[in-house]
Structures are given as C-alpha cells and as structure tokens.
Q: 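Could you have a look at this structure, given as structure tokens, before my questions?
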Amino acid sequence: MNKGGEVQQFSSAPQAVGSRNKYRDPNDTKGHGNIMYDRRVVRGNTYAAIVQPEDETEAQKQRDAQRRRLRANETKKRPGTPEAVPGRKHMDIQTDTYLEKLTDRIVEFEAETQTDFILDRPPSPLFMPAKIGIDIETQIEEGELFDFDVECEPVLEVLVGKTLEQSMMEVLEEEELASLQRHQEDFEKRRNAELLEVQRMEAAEKRRADEVQRRVAQQAAKREQDVCTMRKVLSRQVAVEHLQGLKDRMLLHLDDAGVFADVGSIAVETKFLPALYQMVTEQIKNISRERVLADAMIESTVAEKLDQHAKMLDIERRRLALIDEAERQAREEKQEALAQKQAETEQVKVQQQKMMEWEAFIPDPPPKPDELEIVEIRAEELLVALEDGTIVPVTEEQLPALQELFAQEKEEGQKLLGKPVVQPPPEGEDGEPKTVLESFRVGVPGEGIPEAADPEAPKEGEAPP
C-alpha cells in the first residue's frame, strides 16, 4: 500500500501475473496432488542416516562449474567501457535530440520482498536390498504405530499456510498492478506534456527554418536580378564599343581584301618590301656577327684585365701584409720603447729619490789637512799662497829656504807642503788671530813627516843653529 503519496519502487522489473485456472487440471502432471509424491515430504526410515550419493554430488559440482564457466565466457564476450584517462572520469550525459532540463528529482527508496520457501528435493533413499532370512515376530506397544491425526497435523498446517500465503500474494499483486497502472498514467501525462513541448519547439524551429529559406530565396532572387541587370549593362557597353569601331574595321577588312587596291602600294608590297626585308636581314646578320666578334674581344680584354687586376690585388695584398707586419713591429717596438721609457722613468725617479735623500743627508765636514801645498811665493811681501787660497806670512829666515825648495826639481807625486798655524793675539791686546807658516817640507800629501836620523839635526824649513 502507498503511504503519503509516495510512488512504489521495485528492485526488480515488474512482471504481469499470468492467468490461472480456478481449479487444477487433473491431467496436469507437473503438480503433485498426493503428498507421497511431494519433494518436500521425506520418505523412508526417519531414524536412518541420510547419505548423499557420490555420483549425484559430483554431477552437481560439474554442473555448477560448467555454469560458472559459461557465465565467465559471457562476461568476457560482452565489451565494456574503457577506463578513463588520467585526470578525467566517466559520467552519464543525455544523448537525446533535444536536451531536457531535469528539475524534479524522483523519490527513490528501497523495498524488500520474500519469495516462497521451497525446499530442495531430498536425495533418493539409500537402496536397501531385500531381506534374506526368516521373519521374526515382535510385540508392538501402544503408540508405536502410525497415528494419522497426529501425523497429518503438520501437513494440514503447511497446506493452510500455503493457501493463505498464496492469497496474500494475489492481493499484493493486485495492489502492485494498481500501483503500476497509476504510475503508468502519471508517466503518460508527463510524456504527453513533454511531447507537446517538443512539438512546440519543433514548430518554432520549423518556422525559423522556413524564415531562413524564405530569406535565402529572397536574397538569391535579388542576386539573380542584380546579375541580370549587370549582364544587360555589359551587353549594352559591348554593343556600343563594337558598333563604334565597326566602320573602321569594315574599311580595314575591305582594304585587306583588295577592294581599294592601289598599284603603287601593290608594287611596294610585292617588290620593294621583300628586297628591303632581305637587305635588312643581311644587315642584321652582319651586325650580329660583328657583335659576336666584339663580345669575344671584350671578353678576352676583360679576362686579361681581370688577370692583371688579380695580380695587382695579390701584390697589393702582399704590400698591405708587409705594411701590417711593419706596423705590428713598429707597435711592438713602440711598446717596448714605452716600457723601457717607463722603466727609465721609474729608475730616474728612484735615482732622484736617492739623490734627494743624499742631498738631505749632511755629512760631517772632513778634517782640514794640516799641510797644504805652497803654490806661490811673494818674496817682496814676505807672503806665500796656499792651494786653498789662504795667504800666510813668512819670516825672512824662512824665505830663502822656501825659495830654494820651491825652485828645486821634485820627484813624481812630491810637492812643497806648508803647515799653517793659527796664533791667537798676545795677552792683553785686542785683535784677531792670525795664521802663520809654522813649518814646510817637500813630500807627498798625506804622508807623515819622516823621522830625522840625528835628533840634533835642524828640521827642514828651520834655520841651522
């Protein structure tokens, strides 16, 4: 039964119930009227163990294996949809001619049903061979024989339950058929509405297509009319142009046909022009021959000039190579000179620095020599001039000896040397100190005074006692 206006759904496709007879057909061998032939009733000894025959078990296993192989083969033969490429997935889409916008979602729910419980056919009873021997009687107590009322009660319960269950199934089938009828009516209404919408869309599409065809036909007619008008205009222009030059062409055609023949023009054309053509042809041949010769001469001259030019270019290349080499050597020499000049400049700077350091250094004055060379004797003034420009007075006793030593010949390196001495002024008198010649001798500058052999002998430059 439907509750809340919900639409009943089935997990399996619904099927119509076949027609049944009110009473069973007595000739029907499928049904079993006797419970002794019913598969659900166990026959034989209820105390004996039921042993499954091995042959039937193996046959059942083989049938199941064959059924599985057939199902696997059918599954393999049925082509499937290939897997989606990475990054994409399969999804259901509408493939109808006109797409439909799905607005209402159909309510879905699950329902379950239970089919009739039919027991499997019990296995065949074990074959019991006939007894061999002598029957023996025994005593049967009360309750050991078959009680029909007690034993038939389960069977009657099964029959009544089956009848009630079948009745309920028929009622449910009727309800199901009614539900299917209502569902079919709703489906018909929706399909009719969709068909009306499709017809409306088809009519609109047809109107648009008719309008497009009408416009296309109208445009084609207009184009055809324009083409016809253009052809007429072109035909008129062609006719006008043809008629404008028709007279001149007709006269030319008649002239060519010889209608207006002229004797002079005929003579010119038949005699003068052929000879003129022949002369012109010969002249052209001569000109061509001369042109060929001139071209050959020009080519030979140009070839010679090109050879000379190539030689000159080679010479010029060599000259330029020599110039480049000379310039390179000059640059190298210039660079070497510049480097040398820079080195000299650095050396000069170093020498200047050393010179400035040397000039900045003030050494101690050298000791003044004790003996100086006498370069001049002024006898009238009793004066002698030393080599440093000092004028020293001498006594009258020293003058003759000085003159004698100054005039005598001296050995190489020997000079007349005198020893000036600064004498302070006498005590108690004001004055400047004066330089006098203390002694003199002939010898080498820088050597010491030779010791006298006789200490009592007069020294050189001194008067004898």
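These numbers were taken from a predicted model, which means no experiment stands behind them.
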Q: Between D210 and K206, does a salt bridge (Lys or Arg N to Asp or Glu O under 4.0 Å) hold up when you go through it step by step?
A: CA-CA 6 Å; D210 294 341; K206 184 177 180 182; 5.5 Å; no
Q: Which distance, rounded to the nearest 0.5 Å, do you find between the CZ of R182 and the CD of Q184?
A: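 Output value for this atom pair is 12.5 Å.
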Q: Hey, are the side chains of L320 and E316 touching, using non-hydrogen atoms and a 4.5 Å cut-off?
A: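 The answer is yes, as the side chains (C-beta and beyond) meet within the 4.5 Å cut-off.
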Q: Quick one: are D226 and M230 in side-chain contact, heavy atoms under 4.5 Å?
A: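 No, side chains not in contact.
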Q: I'd like to know whether CZ of R291 has more than 12 heavy-atom contacts from other residues, nucleotides or ligands below 6.0 angstrom.
A: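 No, CZ of R291 has 12 or fewer neighbouring heavy atoms, counting only those of other groups under 6.0 Å.
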Q: Working to the nearest 0.5 angstrom, can you tell me the gap between K334 NZ and Q340 CD?
A: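 These two atoms lie 15.5 Å from each other.
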Q: With a 4.5 Å limit on heavy-atom distance, are the side chains of Q219 and R215 in contact?
A: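 No, side chains not in contact.
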Q: Begin from the C-alpha positions of E332 and R328 and carry the test salt bridge (Lys or Arg N to Asp or Glu O under 4.0 Å) through to its verdict.
A: CA-CA 6 Å; E332 293 178 355; R328 186 180 61 79; 2.5 Å; yes
Q: What do the steps show when you test R63 against Q60 for side-chain hydrogen bond (donor to acceptor under 3.5 Å, both in side chains), and what is the final call?
A: CA-CA 5 Å; R63 285 194 295 271; Q60 184 67 22; 2.5 Å; yes
Q: With a cut-off of 6.0 Å (strictly less than), are more than 12 heavy atoms of other residues, nucleotides or ligands near CD of E325?
A: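 More than 12 within 6.0 Å, yes.
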Q: To the nearest 0.5 Å, how far apart are NZ in K349 and CD in E344?
A: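 If we round to the nearest 0.5 Å, K349:NZ and E344:CD are 13.0 Å apart.
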Q: Could you check if a side-chain atom of K232 sits within less than 4.5 angstrom of a side-chain atom of C228, using non-hydrogen atoms only?
A: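 The answer is yes; the side chains approach within 4.5 Å.
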Q: Would you say the side chain of I284 lies within less than 4.5 Å of the side chain of S288, judging by non-hydrogen atoms?
A: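 With C-beta onward as the side chain, the pair touches.
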Q: Determine whether a donor-acceptor pair (N or O, by modelled atom type, separation under 3.5 Å) exists between the side chain of N192 and the backbone of E188.
A: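 It does hold such a pair.
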Q: Supply the atom-to-atom distance K305 NZ to I298 CD1, rounded to the nearest 0.5 angstrom.
A: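 K305 atom NZ to I298 atom CD1 measures 13.5 Å (nearest 0.5 Å).
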Q: Can you tell whether the side chains of E211 and R207 come within less than 4.0 Å, N to carboxylate O?
A: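 So E211 does not pair with R207 through a salt bridge.
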Q: Would you check if K162 and L159 make a side-chain contact, meaning some heavy-atom pair closer than 4.5 Å?
A: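 The answer is no, as the side chains (C-beta and beyond) never meet within the 4.5 Å cut-off.
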Q: For E224, does the CD atom have more than 12 heavy-atom neighbours from other residues, nucleotides or ligands under 6.0 Å away?
A: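 For E224, atom CD is not crowded (no more than 12 foreign heavy atoms under 6.0 Å).
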Q: Around atom CZ of R236, are there more than 12 heavy atoms from other residues, nucleotides or ligands closer than 6.0 Å?
A: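 Open.
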Q: Looking only at atom types and distance, does a side-chain atom of T281 sit under 3.5 Å from a main-chain N or O of Y277, one as donor and one as acceptor?
A: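 Checked: pair present.
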Q: Step through the shown structure and confirm whether more than 12 heavy atoms of other residues, nucleotides or ligands are within 6.0 Å of CD on E151.
A: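 Counting neighbours around CD of E151, more than 12 heavy atoms of other residues, nucleotides or ligands fall under 6.0 Å, so yes.
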Q: If the test is side chain to side chain contact (heavy atoms under 4.5 Å, CB included), which one of R67, K61, Q62 qualifies with D64?
A: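 Of the listed residues R67, K61, Q62, the side chain to side chain contact (heavy atoms under 4.5 Å, CB included) partner of D64 is R67.
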Q: With rounding to the nearest 0.5 Å, note down the distance linking CD in Q213 to CD in Q218.
A: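 Here the rounded value is 14.0 Å.
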Q: Would you call E205 and R208 a salt bridge, taking side-chain N to carboxylate O under 4.0 Å as the test?
A: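 Judged by the 4.0 Å cut-off on N to carboxylate O distance, E205 and R208 do form a salt bridge.
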Q: Report the C-alpha distance between L196 and R200 in whole Å, list the side-chain angles of each, state the deciding distance to 0.1 Å, and finish with yes or no for side chain to side chain contact (heavy atoms under 4.5 Å, CB included).
A: CA-CA 6 Å; L196 290 176; R200 185 185 63 80; over 6 Å; no
Q: Drop me the distance from E194's CD to E197's CD, to the nearest 0.5 angstrom.
A: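 Rounded to the nearest 0.5 Å, the CD-CD separation comes out at 9.5 Å.
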